[in-house]
Trainee: 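Quick one: this structure, given as structure tokens, is what I'll be asking you about.
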Amino acid sequence: MLRGERIVLRARSEADVPVLHAELHDDVATRSRADARAWRPISFGEGSPYAVAGPSDGAAVFSVERISDGELAGEALLWNIDLHNRLAHIGISLRPSHRGCGLGTDVVAVFCYYAFATLGLHRLQIETLADNLAMQHAARHSGFVVEGTLRHSAWVDAEFVDEVVLGLLATEWPKT
């Protein structure tokens with residue numbers, strides 16, 4: 001378990017799956033903004049993308065729990081972990097009722113510690129939609145810098161939109 005100021009990142013439990021599936025997958029608009037793959041209907045029993053899975057070298061999947069009340073706040077993952085080049089990508093998806101209260105900033109900070117101090121990675125990267133100012137703020141708070149814009153690289157709500165790429169090297173990490 002990884003602890004921040006406001007959140008705990010813990011292993012996914014079976015009890016988390018129906019909540020995450022209902023609030024993050026079944027909300028088509030939210031899921032379409034959070035995943036590069038086209039949304040498709042998946043019933044909870046057909047293999048939810050939030051199902052508990054075994055350990056993987058390529059991803060570290062966590063449930064986000066709010067410390068103040070122990071409530072499930074969402075999911076967070078390090079994905080496309082490359083142990084040879086020592087890099088990974090960060091993804092966060094919070095339940096609608098838990099957005100806008102600083103939890104994402106805490107998740108990013110905890111992931112920086114985990115990736116750099118525990119896994120010994122050299123680089124973290126975040127790709128987010130250009131209008132996702134909350135994620136960009138959370139990333140910048142931990143020292144990430146904007147490295148570029150991928151023009152019209154994401155298909156969202158019937159139009160192509162820009163994505164922003166942010167990166168942080170271990171040597172630049174402020175360790176706060």
Trainee: Under the 3.5 angstrom rule, does the side chain of R12 hit a backbone N or O of V17 as a donor-acceptor pair?
Mentor: no
Trainee: Judged by atom type as modelled, is there a donor-acceptor pair below 3.5 Å linking the side chain of H89 to the main-chain atoms of L77?
Mentor: no
Trainee: Determine yes or no for a side-chain-to-main-chain donor-acceptor pair under 3.5 angstrom, with D106 supplying the side chain and I7 the backbone.
Mentor: yes
Trainee: Does N85 reach the side chain of R123, with side-chain heavy atoms less than 4.5 Å apart?
Mentor: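 SC-SC contact between N85 and R123 ruled out.
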Trainee: Below 30° counts as parallel, above 60° as perpendicular, anything between as tilted: where do the rings of F160 and H152 land?
Mentor: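 Correct class here is parallel.
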Trainee: Report whether L150 and L166 are members of the same hydrophobic cluster (ILVMFWY, side-chain heavy atoms less than 4.5 Å apart, transitive linking).
Mentor: no
Trainee: In this structure, are over 12 heavy atoms from other groups packed under 6.0 Å from D69 atom CG?
Mentor: yes
Trainee: Step through the shown structure and confirm whether more than 12 heavy atoms of other residues, nucleotides or ligands are within 6.0 Å of CD on E5.
Mentor: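 Open.
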Trainee: Using 0.5 Å steps for rounding, measure from the OG atom of S48 to the CG atom of L20.
Mentor: 7.5 Å
Trainee: Is L124 reachable from W173 through a run of I, L, V, M, F, W or Y residues, each pair having side-chain heavy atoms under 4.5 Å apart?
Mentor: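 In one cluster with W173: L124, yes.
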Trainee: Kindly indicate whether the side chain of H137, heavy atoms from C-beta on, has any atom under 4.5 Å from the side chain of T105.
Mentor: yes
Trainee: In terms of hydrophobic clusters joined by side-chain contacts under 4.5 Å, are V146 and F144 together?
Mentor: yes
Trainee: So which heavy atom on L24 is nearest to which on Y50, and how close?
Mentor: CB-OH, 3.2 Å
Trainee: Rounded to the nearest 0.5 Å, how far apart are CD of Q125 and CG of D82?
Mentor: 11.5 Å
Trainee: Is V165 linked to V161 within one hydrophobic cluster, defined over Ile, Leu, Val, Met, Phe, Trp and Tyr using a side-chain heavy-atom separation of less than 4.5 Å?
Mentor: no
Trainee: Contact between V108 and H141 at the side-chain level, heavy atoms closer than 4.5 Å - yes or no?
Mentor: no
Trainee: What are the two closest heavy atoms between F111 and A76, and how far apart are they?
Mentor: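 Closest approach of F111 to A76, heavy atoms only: CE1-CB, 3.5 Å.
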Trainee: Is the backbone N or O of L72 less than 3.5 Å from a side-chain atom of R95, with the two atoms forming a donor-acceptor pair by type?
Mentor: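 Indeed, once roles are kept as given, a pair shorter than 3.5 Å links the two residues.
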Trainee: Identify the two heavy atoms, one from A73 and one from L103, that lie closest to each other, and give their separation to 0.1 Å.
Mentor: CB-CD1, 3.9 Å
Trainee: For residues A139 and I126, report the shortest heavy-atom separation together with the two atoms involved.
Mentor: CB-CD1, 3.7 Å
Trainee: Rounded to the nearest 0.5 Å, how far does CG of D162 lie from OG1 of T128?
Mentor: 12.0 Å
Trainee: Could you give the distance from CG (L169) to CG (L87), rounded to the nearest 0.5 Å?
Mentor: 10.5 Å
Trainee: I need the minimum non-hydrogen distance between C112 and S142, along with the two atoms involved.
Mentor: SG-CB, 4.0 Å
Trainee: Surrounding CG of D57 (heavy atoms of other residues, nucleotides or ligands, distance under 6.0 Å), is the total greater than 12?
Mentor: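 Atom CG in D57 is not crowded, with 12 or fewer foreign heavy atoms closer than 6.0 Å.
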Trainee: Given 3.5 Å as the limit, does a donor-acceptor pair link the side chain of E14 with the main chain of V52, or not?
Mentor: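 Side chain of E14 to backbone of V52, a donor-acceptor pair under 3.5 Å: no, none is there.
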Trainee: Distance check, rounded to the nearest 0.5 Å: H98 atom NE2 versus E65 atom CD?
Mentor: 10.0 Å
Trainee: Do you reckon Y113 sits in the same ILVMFWY cluster as I92, going by side-chain contacts under 4.5 Å, direct or chained?
Mentor: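 Y113 and I92: one cluster.
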Trainee: Check whether any side-chain heavy atom of Y114 sits under 4.5 Å from a side-chain heavy atom of L9, and report yes or no.
Mentor: no
Trainee: Please report the interatomic distance CZ(R66) to CD(E71), rounded to the nearest 0.5 Å.
Mentor: 5.0 Å
Trainee: I'd like to know if the side chain of H21 reaches the main chain of I42, judged simply by a donor and an acceptor atom lying under 3.5 Å from each other, with no hydrogens or angles considered.
Mentor: yes
Trainee: Work out which heavy atom in L121 is nearest to a heavy atom in A88; give both atom names and the distance.
Mentor: CD1-CB, 3.7 Å
Trainee: Below 4.5 Å, heavy atoms only, C-beta onward: do V145 and L168 meet side chain to side chain?
Mentor: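 Not touching, per the 4.5 Å side-chain cut-off.
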Trainee: Report yes if some heavy atom in the side chain of M135 is under 4.5 Å from a heavy atom in the side chain of I90; otherwise report no.
Mentor: yes
Trainee: Judged by atom type as modelled, is there a donor-acceptor pair below 3.5 Å linking the side chain of R6 to the main-chain atoms of C101?
Mentor: yes
